[in-house]
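Order of the sequence lines sets the chain letters (A, B, ...), proteins ahead of strands, with each chain counted from 1.
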Amino acid sequence: MLVGASSRRFRSLYESALSPRSRIINHVKKIPCLFISNGVAQDAVSLGKNQPSLILEGNETPNIVVYNSILRGLIIGSRPESSFFYFSKMRRQGVTPDKHTYPLLLKASSKIKSGNQTQIHAQTVKFGFDSDPFVENALVSAYGNGGELDFAFRVFYEITERDSITWTAIIDGCVKNGRALDSLKLFLGMRSSGVEPDGVTIAVVLSAIATVADVSFGKCVHGLYLARGKVNWDVYLGSALIDMYAKCGLCDDARKVFDEIPHRNVVCWSALIEGYVQSSRSKEALSVFQNMLFKSEVKPNEATLVSVLGACSQMGALEQGRLLHAYAVESNLELNMSLGTSLIDMYAKCGSISESFMIFKALPRKDVYPWTAMITGLAMHGHGKRSLDLFSTMLSSGVQPNAVTFTGVLCACSHGGLVDQGRSYFYSMSSVYGIEPKMEHYGCMVDLLGRSGRLEEALSLIEGMPIEPEPGIWGALFGACMIHKDFELGERIGKHLIKLQPRRSGRYALLANLYSMSQKWEEAASMRKLMKGKGVEKTPGCSWIEVNSIVHEFNAFDLSINAHLKDIYLVLNRLNSQLKVLNCELDTCHLLISLDMQ
DNA sequence: ATAGGGTTAG
């Protein structure tokens with residue numbers, strides 16, 4: 001008996017299954033398995049959301065082949081955790097597993113992260129299946145997916161006949177465990193051992209390249225794939241390519257690949273959108289998303305929204321962000337930790353800390369990411385004390401902070417003027433939590449010390465840094481010198497900054513401002529002259545206003561200033577009435593924009 | 001009759 005047997009194809013399968021003896025049909029991908037026998041209904045197995053249900057009938061115990069089919073159905077359906085239940089039931093009924101059973105169990109254990117690969121491995125040894133090539137490959141993969149890379153390598157080295165699946169499994173294991181460079185070395189090893197990579201190998205290697213953002217390697221692999229003859233667009237490969245170009249910062253190349261793929265799935269779209277976000281082209285990210293919504297058949301998922309919300313955060317597009325939030329609720333998307341974190345982050349960066357906090361409270365489970373987003377959000381909004389309180393709550397609920405958490409914490413101290421606390425948090429990073437302070441942590445500390453007037457201490461912190469301080473660190477100290485009118489130290493830093501970045505106009509402007517402030521008019525003038533004479537570039541200013549959920553982007557210097565102004569006037573006039581509805585002052589918008597253009 | 005490796009997100 002079957003539930004949901006509506007399609008014609010399915011019905012014919014159903015009818016052909018209604019023979020007196022039990023049978024299995026397992027060749028149609030959409031219908032993972034179907035077991036029917038005459039007799040009394042014994043057990044029902046729902047094979048997942050879009051899969052038909054399966055009811056086992058009859059008194060006879062299913063044999064191992066039937067059980068393997070049930071396991072497969074559960075794993076490719078949405079109930080991999082039930083496969084262990086059926087496995088133990090099978091054992092209770094005295095059915096002995098065969099060599100086909102173990103790859104299935106291993107896959108289930110990867111899917112649900114049960115961490116019981118070692119137990120399954122032990123059983124394969126016990127039953128003598130541990131040198132079966134399918135079992136060996138499945139072991140490499142399951143150990144890799146379960147974070148036990150050392151075990152994966154041990155099995156890998158035991159294998160004498162490694163095929164492309166063995167290699168792909170170990171390469172993937174490395175990528176998934178944060179050892180992308182090793183995975184690329186293994187790929188070269190695979191090539192020199194004469195095993196041909198196939199499409200799956202290429203997809204995995206591309207994901208490794210994406211994490212190290214090595215375009216030239218990526219282009220080689222892309223070429224390697226193309227050189228192998230006719231291009232069969234596989235969506236896995238296509239999305240891996242899009243993602244690789246996107247992560248390397250080449251979203252136009254990502255777009256080219258995207259345009260070539262005939263059947264794009266949600267991953268292709270999401271990877272492309274994320275590419276635009278990574279390149280700070282948030283308006284384009286939004287428009288790709290809108291094309292996806294209105295001109296494609298593909299439905300966005302949680303990952304898609306995470307990226308689009310990132311675009312909203314960049315633009316401060318609160319209304320757009322709220323719409324996306326509503327969309328997520330409306331489409332029954334799961335408020336998982338990634339989506340929750342990006343909503344918290346979006347609301348905070350768009351200025352609505354209360355909505356941010358509402359999401360935070362609504363999240364059923366929280367790991368370090370949502371906590372960090374909330375701590376950082378509160379700090380950005382000037383709630384130093386609340387931010388630090390939340391940090392303590394996080395610690396007492398047993399969540400370990402990471403490097404990003406500490407940037408939030410130090411930022412909170414900076415805003416609250418809590419120098420001693422900040423200092424002790426900073427030193428606790430490596431001594432208590434084993435996290436080495438990175439550039440941004442030094443930046444926060446310099447800012448914290450500098451703002452409170454401890455210029456000497458800030459300077460010696462920079463000079464004692466184990467890593468080469470980047471210009472921004474000096475910039476923070478320069479800012480502090482300006483606040484506390486230490487023009488002598490400021491001048492030294494200003495000159496140093498110009499030496500570091502002679503083509504950045506802002507660096508000359510800083511020193512010019514310092515000279516003006518200390519009334520050294522001639523030096524100020526010569527600095528401005530120097531700045532013009534070098535023909536230095538300026539990062540183009542960009543701003544957005546959002547009216548009735550429509551985001552308008554203004555780029556300084558992409559048009560002549562006059563044409564640009566005209567544009568703004570046109571838009572502002574058109575929107576004048578709507579702005580009034582939104583209680584937004586036209587003058588304020590205008591002022592913001594013209595300030596931005598100077 | 002049934003078995004092994006894959007792409008996106010904080």
Side-chain angles (χ1 to χ4, degrees), chain A residues 22-27 32-33 35 62-73 75 97-107 110 129 132-142 144-145 159 162-173 175-176 197-208 210 234-244 246-247 261 264-275 277-278 300-310 313 333 336-346 363 366-373 376 402 404:
Chain A
S22 317
R23 49 190 299 180
I24 302 159
I25 297 162
N26 205 352
H27 299 296
C33 86
F35 169 70
N63 65 18
I64 184 59
V65 179
V66 173
Y67 261 119
N68 287 342
S69 300
I70 292 173
L71 294 180
R72 176 173 186 266
I75 291 163
D98 67 4
K99 58 182 179 181
H100 295 236
T101 314
Y102 288 99
L104 290 163
L105 292 179
L106 287 163
K107 195 185 188 94
S110 302
F129 300 134
D132 178 81
F134 281 75
V135 173
E136 286 177 320
N137 288 341
L139 278 168
V140 174
S141 161
N145 282 319
I159 301 174
R162 297 174 192 137
D163 59 14
S164 72
I165 293 176
T166 323
W167 282 103
T168 308
I170 194 71
I171 291 172
D172 183 48
V175 184
K176 290 213 174 91
D198 59 17
V200 180
T201 320
I202 304 275
V204 172
V205 169
L206 284 170
S207 79
D234 171 287
V235 276
Y236 280 92
L237 238 166
S239 30
L241 270 172
I242 295 171
D243 179 54
M244 184 274 291
K247 294 243 171 72
I261 301 174
R264 303 160 193 138
N265 66 4
V266 60
V267 183
C268 300
W269 285 95
S270 308
L272 181 66
I273 292 171
E274 179 59 22
V277 176
Q278 293 290 323
N301 65 10
E302 289 83 0
T304 324
L305 283 204
V306 166
S307 295
V308 191
L309 285 166
S313 302
L333 292 183
N336 61 21
M337 288 193 264
S338 299
L339 184 52
T341 305
S342 13
L343 282 168
I344 293 169
D345 188 62
M346 180 278 293
L363 266 184
K366 296 187 256 289
D367 64 5
V368 65
Y369 287 94
W371 283 100
T372 301
T376 310
N402 64 20
V404 186

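The side chain of Tyr369(A) approaches dG10(B) more closely than any other nucleotide in the set dA1(B), dG10(B), dG5(B). Distances from the side chain of Ser239(A) to the nucleotides dT7(B), dA9(B), dG5(B) place dT7(B) closest. Among the nucleotides dG10(B), dT8(B), dT2(B), the one closest to the side chain of Ala271(A) is dT8(B). For Asn145(A), whose side chain is taken as the heavy atoms from C-beta onward, the closest listed nucleotide among dG6(B), dA9(B), dA3(B) is dG6(B). Minimum atom distance to the side chain of Val65(A) is reached by dT2(B), of the listed dG6(B), dA3(B), dT2(B). When each of dG5(B), dG6(B), dT8(B) is scored by its nearest atom to the side-chain atoms of Val267(A), the top-ranked nucleotide is dT8(B). The side chain of Asn301(A) lies closest to dT8(B), out of dA3(B), dT8(B), dG10(B). Among the nucleotides dA9(B), dT7(B), dA1(B), the one closest to the side chain of Ser307(A) is dA9(B). Of the candidate nucleotides dA9(B), dT2(B), dT7(B), dT2(B) has the atom nearest to the side chain of Ser69(A).
Between the CG atom of Leu333(A) and the C1' atom of dA9(B) there is a distance of 12 Å, rounded to whole Å. Here the P atom of nucleotide dT7(B) and the NZ atom of Lys247(A) are 11 Å apart, to the nearest Å. Taking atom CD on Glu302(A) and atom P on dT8(B), their separation rounds to 16 Å, with Å as the unit. The distance from atom CE of Met244(A) to atom P of dG6(B) is 20 Å, rounded to the nearest whole Å. The CD1-P distance, from Ile159(A) to dG5(B), rounds to 13 Å in whole Å. Rounded to a whole Å, the CG atom of Leu339(A) is 14 Å from the P atom of dA9(B). One can place CZ of Arg72(A) at 8 Å from C1' of dT2(B), the figure rounded to the nearest angstrom. Summarising the geometry, the separation between CG on Leu206(A) and P on dT8(B) is reported as 10 Å, rounded to the nearest angstrom.
Between the side chain of Asp172(A) and the backbone N or O of Thr168(A), no donor-acceptor pair lies under 3.5 Å.
With sequence neighbours left out, Asn68(A) forms a side chain to side chain donor-acceptor pair (under 3.5 Å) with Asp98(A), Thr101(A). In terms of the side-chain contact (heavy atoms from CB on, under 4.5 Å) criterion, residue partners of Lys366(A) (sequence neighbours excluded) are, by chain and number, Phe360(A), Leu363(A), Pro370(A), Trp371(A).
Using a 4.0 Å heavy-atom cutoff across all strands shown, Asp345(A) reaches no nucleic acid atom at all. The residue Lys107(A) sits close only to the backbone: its heavy atoms come under 4.0 Å of sugar-phosphate atoms, none of a base. Residue contacts shown for Thr201(A) include a base, since a base heavy atom lies under 4.0 Å away. Across all strands, Val404(A) comes closer than 4.0 Å to no nucleic acid atom at all (heavy-atom distances). No engagement by Thr304(A) is indicated, since no non-hydrogen atom pair under 4.0 Å with the nucleic acid exists.
OP1 or OP2 of dG6(B) lies within a sub-4.0 Å distance of a side-chain N or O belonging to Lys176(A). For Lys366(A), no side-chain nitrogen or oxygen approaches OP1 or OP2 of dG10(B) to under 4.0 Å.
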Task: Working for side chain to side chain contact (heavy atoms under 4.5 Å, CB included), residues Asp243(A) and Leu272(A) - done: CA-CA 7 Å; Asp243(A) 179 54; Leu272(A) 181 66; over 6 Å; no
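Nearest heavy-atom pair across Ser270(A) and Asn301(A) is OG-OD1, 4.1 Å.
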